[in-house]
Amino acid sequence: MRLKHLQNSNIDYEAWDDCISKSYNSLPYAYSWYLDIVSPGWEAIVSDNYEYVMPLPVKSKYKIPYLVQPVLSQQLGIFSKKEINEPIVDEFVKRIPHYSYELNLNEYNFHSKALIYPNFTLDLNQPYEKITEAYSKNTKRNIDKAEKLNLIVKEEISLTQFIEFYYSVEKKFPHVQKNVFTKLIERGIEKKSITLYGVYSA
C-alpha cells in the first residue's frame, strides 16, 4: 500500500469526508470540519484514492511539531470502508512523520503493542425493550424516578441556553475553551450532525 503524508493545504477535503462517511468505523471526530476546529492545521496520512485515511492532529512547541489527541475527540486513528488489520495499523504508525505523539486510535485499529482502555458503548441497532433488559437495577430505579418527576425533554434548545448551562455547572474536569466549544456546536448544527436537547422539570 502506498501512503503519503499531506500538509493541511494539500488534503482533498471532499475525498476525505467521503472516506469518513463510508467507513465502517466512521466517527464524527474525523470529519474535516470537526478537525478544523479542534486541531487547526491538522495533517494526514492517506493511501491512494483516499481508501484509507489517518488524521494527524499536529501542534508545535519551540517550532518542534508533535501530535496530541485534541479536546472533545475521544478516538481518531485510521478510517476506511475496507478491512483495517494490524499490519495496516503498523504501516500507518511507522509513517507518522513527527517524533513525539500521543494518540487514541479508534477501537477498530487493533495493535498488539497498544494499550487498550475500556470503551462503553450502547448498541442502538436493536429495539429499546431489548436494550433496557441489560440495564442494571440501579439504572432502572433512576429511570422510574425520572418518569415520576414528569420531566419534559425539549429538542432544538438554543445554543446560548446550552452554552450558559454547560458553563454554569461545576465539573470535575477542566472546561473546554468556550470559543472552541461554541464553534464546534455551531458548525455541528449547521452540518446537521449535532442536535441540542434540554430536560426541564414540570
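Any value given below was found using the heavy atoms of this structure, including those in side chains, with hydrogens, waters and symmetry copies removed.
- Placement of Tyr200 and Leu151 in two distinct hydrophobic clusters is found when ILVMFWY residues are connected by side-chain heavy-atom separations under 4.5 Å, directly or transitively.
- With Pro87 as the fixed residue, the side-chain contact (heavy atoms from CB on, under 4.5 Å) test singles out one of Asn85, Val89, Ile84: Asn85.
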Working for side-chain contact (heavy atoms from CB on, under 4.5 Å), residues Met54 and Leu105: CA-CA 10 Å; Met54 180 183 189; Leu105 302 178; 4.0 Å; yes
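- Among all heavy-atom pairs drawn from His5 and Glu43, the shortest one is NE2-OE1, 2.7 Å.
- Leu159 and Tyr166 fall within a single hydrophobic cluster, where Ile, Leu, Val, Met, Phe, Trp and Tyr side chains are chained together by heavy-atom contacts under 4.5 Å.
- A donor atom on one side chain and an acceptor atom on the other are not found under 3.5 Å apart for Asn109 and Glu86.
- The shortest distance between side-chain heavy atoms of Glu51 and Lys82 falls below 4.5 Å.
- Two residues are said to be in side-chain contact when any heavy atoms from C-beta on lie closer than 4.5 Å; His111 and Asp90 meet this criterion.
- Looking at every heavy atom in both residues, Val180 comes nearest to Ile37 through O-CG2, 3.7 Å.
- Under the side chain to side chain contact (heavy atoms under 4.5 Å, CB included) criterion, Ile189 pairs with Ile185, Ile194, Leu196, not counting sequence neighbours.
- Proximity of Pro28 to Ser193: side-chain heavy atoms (C-beta onward) are nowhere separated by under 4.5 Å.
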What do the steps show when you test Thr195 against Glu155 for side-chain contact (heavy atoms from CB on, under 4.5 Å), and what is the final call? CA-CA 7 Å; Thr195 304; Glu155 192 178 333; 3.7 Å; yes
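- To the nearest 0.5 angstrom, Lys137 atom NZ is 14.5 Å from Asn142 atom CG.
- When hydrophobic residues (I, L, V, M, F, W, Y) are linked wherever their side-chain heavy atoms come within less than 4.5 Å, the members clustered with Leu115 are Tyr117.
- Between Ser39 and Pro70 the shortest heavy-atom distance is CB-CG, 4.2 Å.
- Distance alone, capped at 3.5 Å, is enough to place a donor-acceptor pair between the Thr132 side chain and the Glu129 backbone.
- Contacts of Tyr24 classified as ring-ring contact (aromatic ring centres under 6.0 Å, His included), with partners at least two apart in sequence or in another chain: Tyr108.
- Nearest approach of Lys154 to Ile157, heavy atoms of both residues: O-CG2, 3.9 Å.
- Between Leu67 and Lys59, the closest side-chain pair of non-hydrogen atoms is not below 4.5 Å.
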Applying salt bridge (Lys or Arg N to Asp or Glu O under 4.0 Å), run through Glu190 and Arg187 and close with a yes or a no. CA-CA 5 Å; Glu190 201 179 290; Arg187 193 83 172 107; 2.5 Å; yes
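- Connection of Val58 to Val68 is not established within any shared hydrophobic cluster, with ILVMFWY side chains joined at heavy-atom distances below 4.5 Å, either directly or through further cluster members.
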Could you walk me through whether Leu76 and Asn104 pass side-chain contact (heavy atoms from CB on, under 4.5 Å), step by step? CA-CA 6 Å; Leu76 286 173; Asn104 297 341; over 6 Å; no
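- Minimum interatomic distance between Val38 and Ser73 (heavy atoms only, all atoms of both residues): CG2-OG, 3.7 Å.
- Residues satisfying the ring-ring contact (aromatic ring centres under 6.0 Å, His included) test with Tyr29, not counting sequence neighbours, are Tyr34.
- Side-chain contact between Lys145 and Lys148 is absent, with no heavy-atom pair separated by less than 4.5 Å.
- Looking at Arg95, its side chain does come within 3.5 Å of a backbone N or O of Leu3 through a donor-acceptor pair.
- Between the side chain of Asp17 and the main chain of Ser32, a donor-acceptor pair closer than 3.5 Å is present.
- No side-chain heavy atom of Asn106 sits under 4.5 Å from any side-chain heavy atom of Gln74.
- Below 30°, between 30° and 60°, or above 60°: for Phe162 and Phe181 the angle between ring planes is between 30° and 60°, a tilted geometry.
- Put simply, the side chain of Thr182 never gets that close to the backbone of Asn179: no donor and acceptor are under 3.5 Å apart.
- Every pair passing ring-ring contact (aromatic ring centres under 6.0 Å, His included) that includes a residue from residues 39-94 is listed here, sequence neighbours excluded: Tyr13-Trp42, Trp16-Trp42.
- Here Lys140 does not pair with Asp144 in a salt bridge; the nearest charged N to carboxylate O distance is not below 4.0 Å.
- Met1 CE to Asp48 CG: the interatomic distance, rounded to the nearest 0.5 Å, is 9.5 Å.
- No path of Ile, Leu, Val, Met, Phe, Trp and Tyr side chains, each step under 4.5 Å between heavy atoms, connects Leu149 with Ile152, placing them in separate hydrophobic clusters.
- Atom-to-atom distance recorded for Leu124:CG and Ile131:CD1 is 5.0 Å, nearest 0.5 angstrom.
- A cation-pi arrangement, defined by a distance under 6.0 Å to the six-membered ring centre and an angle within 45 degrees of its axis, is present between Lys178 and Tyr167.
- Distance check: Ser158 OG to Phe165 CZ gives 13.0 Å after rounding to the nearest 0.5 Å.
- Taken from CD in Gln177 to CG in Leu184, the straight-line distance is 12.5 Å, to the nearest 0.5 Å.
- In this structure, the side chains of Ile88 and Ser80 stay at 4.5 Å or more apart for every pair of heavy atoms.
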CA sep, side-chain torsions, deciding dist, call: Gln75, Glu107, side-chain contact (heavy atoms from CB on, under 4.5 Å): CA-CA 8 Å; Gln75 305 171 35; Glu107 60 182 322; 4.2 Å; yes
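- Taken from OG1 in Thr121 to CG in Asp123, the straight-line distance is 7.5 Å, to the nearest 0.5 Å.
- Take Glu186 and apply the side chain to side chain donor-acceptor pair (under 3.5 Å) test, not counting sequence neighbours, and it matches no residue.
- When the shell of 6.0 Å around CD of Glu102 is examined, it contains 12 or fewer heavy atoms from other residues, nucleotides or ligands.
- Screening Val53, Leu35, Leu6 against Ile11 for a side-chain contact (heavy atoms from CB on, under 4.5 Å) leaves a single residue, Leu6.
- A pairwise comparison of heavy atoms in Asn25 and Ile78 identifies ND2-O, 2.9 Å as the closest pair.
- Judged by distance alone, with hydrogens and angles left aside, the side-chain atoms of Glu164 form no donor-acceptor pair with the main-chain N or O of Ser168 at under 3.5 Å.
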